[in-house]
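Following: one structure in structure tokens, then a few remarks.
Letters A, B, ... mirror the listed sequences (proteins, then strands); counts begin at 1.
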Amino acid sequence: MPELPEVETARRGIAPHVQGRRVAAVIVRDRRLRWPIPPALSRELPGQTIVNVTRRAKYLLFHTAGGTLIIHLGMSGSLRVVPCATPPAKWDHLDIALDNGKCLRLRDPRRFGAALWTRADPARHALLKDLGPEPFGPDFTPEYLYAITRGRKLKLRDLLLNTRVVAGVGNIYANEALFAAGLRPRRAAGQTTRADCARLVTAVRETLKRAIAAGGTTLRDFRNADGLPGYFQQTLMVYGRTGEPCRQCGAPVRAVRLGQRSAFYCPRCQR
DNA sequence: CTTTGCACCTGTTGGC
DNA sequence: TGCCAACAGGTGCAAA
């Protein structure tokens, strides 16, 4: 479920429910996430008021005066706001109980996600300090991308997945952005022109923007807490469409294995 | 320094 | 229908 657009959608859905609320309790049912949920979270978060919720890459940051709750949804995580009395499901590992009888509930079957606590500036946290520019930020420019790719042999798909290059682009949108830019996933990053980089920057931004807009349609239903997977599926141009006709030219979409994950492209529209 | 591959864990899917 | 292997939206880290 969580790529950047979903994380952003989750942030927008959750923020109104938690902003300005005091944390009444922290309930840890299973601390075995990617890193164990730290005892300091249970000690220091209760009593704090959540000032606001921001996002950096795919990390959600819940800011309080005493510190910051950092949540990552990993591969299978999801967040919901439910009445505290709602019986937890099997994979509901963490509740942040609020002062209004509701709680922020983290579910994560694969447990690749994380819930951490830091008292310092979260931007300097080990997991965040080396992240590259936000896709929508002012530093993610064609010139930046051109400069950072000179002399590099890694493939464009892997370039976009590299969080030091650009923060928060996952496999789906890396592939979709490359389609939008007309560039093949296996192209060496160093073999791009300024024009290629310009198209890629625009493609990444537009692709993510459209996905967030599509996620926005689920925002209204957020309170219903229904599972809402696959809402942007109909707009995917290449991802998961092996053998199906390219929506632009009709040529069959190809899949290749890059590393351990699949890449998809149209052999005619992408060079 | 750059690139590659593994590891973490569990649910779902597709082929036989 | 049942079983098993392959695969899945992430990413830090070790090794090459």
Exercise for the section: Using atom CG of L60(A) as one end and atom P of dG10(C) as the other, report the distance to the nearest whole Å. Expected result: 14 Å
Handout entry: Cation-aromatic face contact R150(A)/Y146(A), 6.0 Å, 45 degrees
Key = yes
Problem - Within 6.0 angstrom of R119(A) CZ, more than 12 heavy atoms from elsewhere - result: no
Exercise for the section: Report the distance from atom CG of L160(A) to atom P of dG10(C), rounded to the nearest whole Å. Expected result: 12 Å
Practice task
Would you please confirm or rule out a distance under 4.0 Å between OP1 or OP2 of dT3(B) and any side-chain N or O of R164(A)?
Solution key: no
Handout entry: Between P of dG10(C) and CD1 of I70(A), the distance in whole Å
Key = 19 Å
Exercise for the section: Taking atom CD of Q191(A) as the centre, report whether more than 12 heavy atoms of other residues, nucleotides or ligands fall under 6.0 Å from it. Expected result: no
Handout entry: Salt-bridge present (D108(A), R111(A); N to O < 4.0 Å)
Key = no
Practice task
Summarise protein proximity over nucleotides 9-16 of chain B in one line of letters, 5' to 3': B for base, S for sugar-phosphate only, - for none, counting protein heavy atoms closer than 4.0 Å.
Solution key: BBS-----
Handout entry: E3(A) CD to T207(A) OG1 distance, which is reported to the nearest 0.5 Å
Key = 11.0 Å
Exercise for the section: State the dot-bracket string of DNA chain C. Criteria: Watson-Crick or G-U wobble, both atom distances under 3.5 angstrom; notation: ( ) intrastrand, [ ] crossing earlier pairs, | interstrand, . unpaired. Expected result: .|||||||.|||||||
Practice task
Could you grab the distance from atom CZ of R12(A) to atom OG1 of T9(A), nearest 0.5 Å is fine?
Solution key: 6.5 Å
Practice task
Could you give the distance separating dC8(B) and dC4(C) at their P atoms, to the nearest angstrom?
Solution key: 23 Å
Exercise for the section: Between dT1(C) and dG11(B), how far apart are the P atoms? Round to whole Å, please. Expected result: 23 Å
Completion exercise
Separation of dT4(B) atom C1' from K155(A) atom NZ, nearest Å, is 10 Å
Handout entry: N175(A) to S262(A) - nearest heavy-atom pair and separation
Key = ND2-O, 3.8 Å
Handout entry: Nucleotide dT4(B), atom C1' - distance to CZ of R186(A) in whole Å
Key = 17 Å
Exercise for the section: Quote, to the nearest angstrom, the P distance that separates dG5(B) from dC7(C). Expected result: 15 Å
Practice task
May I ask you to say whether K155(A) pairs ionically with D158(A), meaning some side-chain N is under 4.0 Å from a carboxylate O?
Solution key: no
Completion exercise
Each nucleotide of nucleotides 11-16 of chain C classed B (base within 4.0 Å of a protein heavy atom), S (only sugar-phosphate) or -, in 5' to 3' order, makes BB----
Exercise for the section: Run through I14(A), V23(A), I96(A) and flag the one making a side chain to side chain contact (heavy atoms under 4.5 Å, CB included) with F62(A). Expected result: I14(A)
Exercise for the section: With rounding to the nearest 0.5 Å, note down the distance linking CZ in R107(A) to CG in D92(A). Expected result: 4.5 Å
Problem - Note: E143(A)-R194(A) ion pair, threshold 4.0 Å (strictly below) - result: yes
Practice task
Take atom CZ of R152(A) and atom P of dC1(B), then tell me their distance rounded to the nearest Å.
Solution key: 12 Å
